[in-house]
Amino acid sequence: MTDLKQRLTLLEGARAKADIKAMSDDELDTHIRTLGFATPECYAAIVARVLRHSSVFPVVHDAPAYLVAGNRKV
């Protein structure tokens, strides 16, 4: 195996084993761009990125104790 192929193999292995939790948002964005689309690594990185920040959409509670005739308890 040539030096270039060995180096590419090492880089690809390091990319696949990236520590997503330790990356900043900008680093994670850059990492996502380097991954092949529709790969398990890509999906894992995107989900990790989305879950880092809370949603601005309200959470719908469907527990009967929380609902009263379809309206939220106050």
Side-chain angles (χ1 to χ4, degrees):
M1 190 179 277
T2 65
D3 288 338
L4 180 58
K5 285 184 181 180
Q6 287 176 340
R7 192 162 178 196
L8 286 174
T9 303
L10 288 173
L11 287 172
E12 287 174 354
R15 184 179 70 179
K17 298 175 188 171
D19 187 7
I20 292 174
K21 291 180 182 178
M23 293 181 183
S24 69
D25 288 347
D26 291 334
E27 290 171 334
L28 185 53
D29 291 341
T30 303
H31 176 67
I32 290 170
R33 286 187 213 107
T34 66
L35 298 171
F37 186 70
T39 62
E41 294 83 12
C42 181
Y43 289 131
I46 290 171
V47 169
R49 177 70 169 98
V50 170
L51 292 177
R52 284 186 175 192
H53 303 283
S54 60
S55 175
V56 295
F57 297 104
V59 175
V60 177
H61 298 277
D62 59 355
Y66 189 77
L67 299 174
V68 175
N71 296 321
R72 211 174 85 174
K73 281 186 180 178
V74 183

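With sequence neighbours left out, the side-chain hydrogen bond (donor to acceptor under 3.5 Å, both in side chains) criterion links Arg49 to Asp29, His53. Listed by chain and number, the residues in a side-chain contact (heavy atoms from CB on, under 4.5 Å) with Leu4 are Thr2, Leu8 (sequence neighbours excluded). Thr30 pairs by the side-chain contact (heavy atoms from CB on, under 4.5 Å) definition with Arg33, not counting sequence neighbours.
Counting all heavy atoms, side chain and backbone alike, Ala45 lies closest to Leu35 at CB-CD1, 4.0 Å. Of all heavy-atom pairs spanning Ile20 and Ala48, the tightest one is CG2-CB, 3.6 Å. Nearest heavy atom pair, residue Cys42 against residue Gly36, reads CB-O, 3.3 Å.
Other residues sharing the hydrophobic cluster of Val47, ordered by chain and number and joined by side-chain separations under 4.5 Å: Leu51.
Going from atom CG of Leu28 over to atom NZ of Lys21 covers 12.5 Å, rounded to the nearest 0.5 Å.
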Side chain to side chain contact (heavy atoms under 4.5 Å, CB included) between Arg52 and Met23, worked out: CA-CA 11 Å; Arg52 284 186 175 192; Met23 293 181 183; 4.2 Å; yes
